[in-house]
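Take a look at the structure set out below.
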Amino acid sequence: MTESSWRMPRWFHQMGSPKWFYGFAGILQPWFAIAALGLLTWGAVWGLAFAPADYQQGNSFRIMYVHVPAAILSQSIFLGMAVAGAVGLVWKMKVAFMVARSCIAIGATFTAIALVTGAIWGKPTWGAYWVWDARLTSTLVLFFLYAGIMALNQAISERHIAGKATAILAIVGTINIPIIKYSVEWWNTLHQSSSFTLTAKPSMPAEMYLPLLLTVLGSYCFFALVVLMRTRSQIVQSQSGASWLMQHRDITGA
Amino acid sequence: MIRFMWAIVRRDLLLVARQPAEMINPLVFFLLVIALFPLGVSPEAALLSQTAAGVIWVAAMLATLLSLELLFKLDHDDGSLEQLLLAPYPSWSLVLAKVFVHWLVSGLPLILISPLIATMLFLPSQAVPTLMLSLLIGTPTLSLLGAIGAALVTGVRGGGMLLTLLILPLYVPVIIFGASSVAAAAQGMAIGGYMALLAAMFVFALMITPWAAGSALKL
């Protein structure tokens with residue numbers, strides 16, 4: 001038996017240290033804040049004011065610039081939460097559990113935004129706020145999954161255990177999401193097929209497509225910012241009194 | 001390990017035999033929920049026969065969830081769960097044994113009573129074998145998935161409601177294919193595909209859930 005020479009890189013293990021993560025996240029935070037603000041403003045102004053109106057849907061399609069990023073993020077965040085949870089379970093990193101827990105509320109919020117904007121968009125387009133269509137239903141189920149994880153987190157008072165429970169539930173949920181998605185798709189579908197993929201040529205003109213790309217990227221940056229902030233605040237809570245934290249320039253104000 | 005699992009199965013069955021209410025209550029609940037639908041919606045045969053498949057599946061799901069809360073709770077409360085986890089056997093074998101008993105006690109009676117329910121709800125008689133078969137393949141999946149939730153909420157206050165919140169979203173695929181298979185059989189269509197998918201979900205759940213529930217128990 002030869003021992004595998006492959007190891008996770010050094011930075012990966014450094015990320016697991018609250019002190020290192022706290023500092024690193026503090027450096028990243030302002031960049032994500034600037035990027036999120038810039039991209040979201042640019043994308044929103046371009047999309048809402050300058051992009052051409054849709055030949056079928058008129059101006060109502062512009063809600064897409066909110067709806068699509070929220071819908072994409074709602075799924076990405078769940079995946080991100082599961083990955084962070086898996087990292088935490090495998091390498092026993094407390095910081096990874098904190099990251100996973102930071103994802104819950106923001107993910108649930110994006111899912112709720114996707115559902116609400118979808119309902120508002122559905123009224124002029126389909127003539128109904130809600131239809132039992134595959135994507136709507138699977139997004140609703142996703143929202144319930146988030147709600148369950150949130151409820152479990154609130155019920156378990158000990159943070160460390162709550163983090164592990166979140167990780168297990170997020171992993172199980174992530175395995176289930178594709179199954180839920182395809183089962184409701186076979187069950188019933190009406191939704192327009194996704195016109196936004198990275199691999200295929202977009203089915204809409206660039207003036208409509210590019211602002212959407214900007215708002216999606218901006219939303220990702222915003223998500224990253226929120227997760228970093230929430231994780232940092234969890235680190236402060238769990239490490240309060242640690243000497244490295246008390247001497248940190250964010251605390252001393254120096 | 002087989003002996004360990006067998007010992008747990010025997011012990012749990014013995015415990016149920018001494019407390020038969022645990023077994024009967026979910027069944028009565030199942031019947032009650034079923035009886036509420038004709039009262040609440042309409043007693044008309046035409047409407048009932050259309051909705052029967054879904055109603056039976058939803059009620060089966062709720063009855064399963066109701067009994068899942070106790071899956072690990074009693075053992076946790078008297079401390080024997082801790083000892084069982086300390087045993088030199090993997091925790092998934094414990095989960096598997098307990099889930100098997102749970103299915104025997106809550107799933108199997110539902111399947112046996114389902115023809116009666118189907119008659120009460122005017123389900124076309126050619127769909128009854130399909131209903132029983134779909135429940136036979138589907139209810140073990142429900143018990144397996146539910147074990148994850150039961151393990152996570154063990155020792156948490158107000159666990160029953162929480163369990164429902166955690167697990168019902170995961171039941172969506174099972175109810176879709178379970179209820180559709182019965183509806184398809186009622187219309188005289190082929191059911192092979194539905195059964196294959198239900199069986200696939202069962203096998204998949206059998207692989208994943210004992211591990212997940214086992215690690216959740218160790219928290």
Side-chain angles (χ1 to χ4, degrees), chain A residues 78 82 85-86 88-90 92 97 104 108 111 132-189, chain B residues 54 65 91 95 138 141 144-181 183-184 193-194 196-198 200-205 207-219:
Chain A
F78 205 95
L89 286 177
V90 171
K92 312 226 182 294
F97 292 131
I104 305 169
T111 315
W132 287 97
D133 153 83
R135 279 221 224 159
L136 275 74
T137 313
S138 54
T139 308
L140 186 66
V141 174
L142 183 68
F143 182 72
F144 290 145
L145 285 172
Y146 274 118
I149 295 182
M150 221 190 276
L152 185 67
N153 254 284
Q154 243 142 45
I156 302 177
S157 49
E158 202 176 327
R159 278 207 203 94
H160 185 55
I161 295 176
K164 279 187 183 170
T166 302
I168 292 173
L169 209 52
I171 293 169
V172 171
T174 307
I175 295 170
N176 252 278
I177 284 173
I179 301 176
I180 293 171
K181 194 172 157 50
Y182 284 103
S183 55
V184 290
E185 213 149 280
W186 286 330
W187 170 63
N188 201 358
T189 202
Chain B
L65 273 174
S91 56
V95 173
T141 316
L144 282 167
L145 284 173
I148 301 176
L152 281 171
V153 302
T154 300
V156 174
R157 268 164 56 91
M161 192 64 209
L162 200 55
L163 172 72
T164 318
L165 282 180
L166 295 181
I167 293 306
L168 271 182
L170 303 179
Y171 280 179
V172 169
V174 183
I175 194 168
I176 287 177
F177 291 114
S180 323
S181 71
Y194 296 107
L197 280 165
L198 280 176
M201 284 192 268
F202 168 62
V203 173
F204 197 56
M207 280 170 15
I208 304 281
T209 55
W211 167 81
S215 33
L217 274 182
K218 284 191 199 152
L219 289 185

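Chain letters run A, B, ... following the sequence lines, proteins first and then strands; every chain starts at 1.
Remark: B:Phe177 engages no residue in a ring pair (Phe, Tyr, Trp, His ring centres under 6.0 Å) (not counting sequence neighbours).
Proximity to chain A among residues 165-175 of chain B is limited to B:Leu165, B:Leu166, B:Pro169, B:Leu170, B:Val172, B:Pro173, judged by heavy-atom separations below 4.5 angstrom. Annotation: residues 152-159 of chain A contacts chain B through A:Leu152, A:Ala155, A:Ile156 [non-hydrogen atoms, separation under 4.5 Å].
Contact annotation for A:Ile149: only backbone heavy atoms (N, CA, C, O) come within less than 4.5 Å of a heavy atom of chain B. Heavy-atom distances place both the backbone and the side chain of A:Ala165 under 4.5 Å from chain B. Heavy-atom distances place both the backbone and the side chain of B:Leu152 under 4.5 Å from chain A. Looking at A:Ile168, only its side chain comes within 4.5 Å of chain B, counting heavy atoms on both sides.
Shown here for B:Leu162 and A:Ala151, the closest heavy-atom pair between the two residues is CD1-CB, 3.3 Å.
Legend: side-chain hydrogen bond (donor to acceptor under 3.5 Å, both in side chains) pairs involving residues 210-219 of chain B, not counting sequence neighbours: none detected.
Interatomic distance, CZ of B:Phe204 versus CD1 of A:Ile179, reported as 5.0 Å (0.5 Å rounding).
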